Student: 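My questions all concern the structure below.
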Amino acid sequence: MKFQDEINRRRTFGIIAHPDAGKTTLTEKLLLFGGAIQEAGAVKSNKIKKGATSDFMEIERQRGISVATSVLAFEYDGIKINILDTPGHKDFAEDTFRTLTAVDSVIVVIDVAKGVEEQTEKLVEVCRMRNIPMIVFVNKMDREGKDAFELLDEIEQKLNLNVTPLSFPIGMGYDFKGIYNIWEKNINLFSGDSRKNIEETIEISDINSSELNTLIGDKPAETLREELELVEGIYPKFDKQEYLDSKLQPVFFGSALNSFGIRELLDCFVDIAPKPRPKKSEERWVEPNEDKFTGFVFKIHANMDPNHRNRLAFIKIVSGEFKRNTTYLHVRHNKKVKFSSPNAFFAEKKEIVDISYPGDIVGLQDTGTFKIGDTLTEGEILNYKGVPSFSPEHFRYINNADPLKSKQLYKGIDQLMDEGVAQLFTLEINGRKVIGTVGALQYEVIQYRLEHEYGAKCTYENLNVFKACWVEPTDRKNEEYKEFLRVKHRYLAKDKDGQLVFLADSSFSLQMTQQKYPSIKFHFTSEFN
Ligand code: G4P
């Protein structure tokens, strides 16, 4: 197959959802449709189950699963689909944000009963900021939930999306009869008898035919016709380009558990979802069909075996072909690197591949040379943008609890930070180290992993910080900036890359600082130029 054909047939996407909306179930059903797995239950949920076991056991369990589900690839209709896993748990939101830098589109799953939930709002906002094309899937139609129009309103308002339904439910919950497929203009009926199995669907192509009345009854048929008229009146006509430009989001309804509405979603997805998209680097835009290979690290996974510190770095291929045993440039280190056993991912298996194409993800064995955001090229000096750090929500001092193991401790902290488990800040005033995380759970992860993988012990101490803001002066030499550095000295720190960060202790003090030093910009993410 030609290089361009390989690019054209790839779709790399992520599923985002609030925990429990049905992300794992949907992923599994997509794999079943693609023939990549044979039975339900093969894809394990990677959510953190609180309470059942001690937290660190749970974290290890979750890590094990998330290695297996990091990338799930399958073929459908000649299309190579790569699903990138995105943890739904809010404590792992950074992981998800980073994974979103490697997807070309997303599917947003919403629970029909719960509607738009907090985690979905945050993740969709990131996708909107990055103009990522989104398809919405309203799940659990076999349960009682919100009225379809009400829910569409909620999605528009809370998620700030411009939606248009491409399928529409006939009833809901106990009365759920099926869906009308606006995209394909036909009907799939839900047969209530075999709710746990993959459905055989009956299709009719004319909404006005009396066959519809026979199939679902006079009243539901009438209601459906009215609702479809409303849909046509209220919502914009689907336009593929608007979807690709992230200006319009199609909506599908279904039930992942019952495999209902999944085929419609998948067929439409392979039809409209974007092939690998161009990506911006600090130097220039890079097109997927360029001859030369480029790619970037968006995720690092530590080996589960504590005796071997090998890690798996996940690279998204942006352009060119990535080949085994070929020398590439690690741009940040300005060093040549070569990989003898790059892994590709198929369903839940990984295997060594000789060649991969734009859109694909390869896993590279890493002994500590990579960090998140690193770029690989064939020689060009290129740095991909788009793997920013966000201001953490929690801050604690980290102390060495075993003075004989300080080397191990610092090495461990260094490597865990490269993996993106948390962020490290070093206070300007006294060099003390502060760990910032999105969720409190990460402190347990760090403590546990430092001990089990590096043989080091740490303790934490509370620190009153509200937000970490990356500081951008208009002019480093002006008096205002110099005064800021002097007055706020004890609130200043450097992040791991040496960027200056202001650790504001309250929203009020941040506001006052912003007012007092108007020539300085305070950013909540590390990437602002
Ligand atoms: P997540 O990955 O987004 O966290 O959600 P997951 O797929 O694990 O689904 C959460 C729960 O919702 C699961 O039930 C799952 O079976 C159920 N579910 C998913 N899709 C549907 C659907 O279309 N209809 C209905 N009625 N339920 C659905 P659970 O009891 O938490 O787990 P399990 O014991 O079934 O695995």
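The residues of the chain are indexed from 1 along the displayed sequence. Ligands are counted one by one from 1 in listed order, and the atoms in each one are counted from 1 as well. What you see is a predicted model; the values in this text were computed from it and never measured.
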Student: Give the atoms of ligand 1, by number and element, whose distance to some non-hydrogen atom of Ser255 is under 4.0 Å.
Tutor: 22 (C), 23 (O), 24 (N)
Student: Which of the atoms in ligand 1, numbered in the order shown and given with their element, are less than 4.0 Å from a heavy-atom of Lys23?
Tutor: 1 (P), 2 (O), 3 (O), 5 (O), 7 (O)
Student: Are the aromatic ring centres of Phe322 and Tyr357 under 6.0 angstrom apart?
Tutor: no
Student: Check this for me - ligand 1, Leu26, N or O atoms closer than 3.5 angstrom, yes or no?
Tutor: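 No.
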Student: Do Asn162 and Tyr235 have a side chain donor and acceptor closer than 3.5 Å?
Tutor: no
Student: Salt bridge or not for Lys496 and Asp418, using N-O below 4.0 Å?
Tutor: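 Here Lys496 pairs with Asp418 in a salt bridge, since their nearest N and O are under 4.0 Å apart.
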Student: Just jot down the side chain to side chain donor-acceptor pair (under 3.5 Å) partners of Arg277, sequence neighbours excluded, or say none.
Tutor: none
Student: Which option out of Asp142, Val112, Ile262 puts a heavy atom nearest to atom 26 (N) of ligand 1?
Tutor: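 Residue with the shortest heavy-atom distance to the ligand atom: Asp142.
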Student: Could you say whether the N/O atoms of Gly254 and ligand 1 ever approach to under 3.5 Å?
Tutor: no
Student: Could you please spell out the steps behind the side-chain hydrogen bond (donor to acceptor under 3.5 Å, both in side chains) verdict for Asp245 and Gln241?
Tutor: CA-CA 6 Å; Asp245 294 341; Gln241 195 52 46; 3.1 Å; yes
Student: For atom 15 (C) of ligand 1, state which one of Asn139, Thr25, Ile16, Thr27 supplies the nearest heavy atom.
Tutor: Thr25
Student: For a salt bridge (charged side-chain N to carboxylate O under 4.0 Å, His left out) check, start with the C-alpha distance between Glu419 and Lys299, then their side-chain angles and the critical distance, and finish with the verdict.
Tutor: CA-CA 7 Å; Glu419 264 180 53; Lys299 177 172 181 152; over 6 Å; no
Student: Polar contacts were defined as any N/O atom of the residue lying under 3.5 Å from an N/O atom of the ligand; does this apply to Leu257 and ligand 1?
Tutor: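 So ligand 1 has an N or O lying under 3.5 Å from an N or O of Leu257.
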Student: Do Phe260 and Phe176 make the cut of ring centroids closer than 6.0 angstrom?
Tutor: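 Yes, ring centres under 6.0 Å apart.
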Student: Of all the heavy atoms in Pro19, does at least one lie under 4.0 Å from an atom in ligand 1?
Tutor: yes
Student: Taking non-hydrogen atoms only, is Lys140 closer than 4.0 angstrom to ligand 1 via side chain, backbone, both or neither?
Tutor: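 Lys140 to ligand 1: contacts from backbone and side chain alike.
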Student: Hey, which atoms in ligand 1 end up nearer than 4.0 Å to a heavy atom of Arg143?
Tutor: 26 (N), 27 (N)
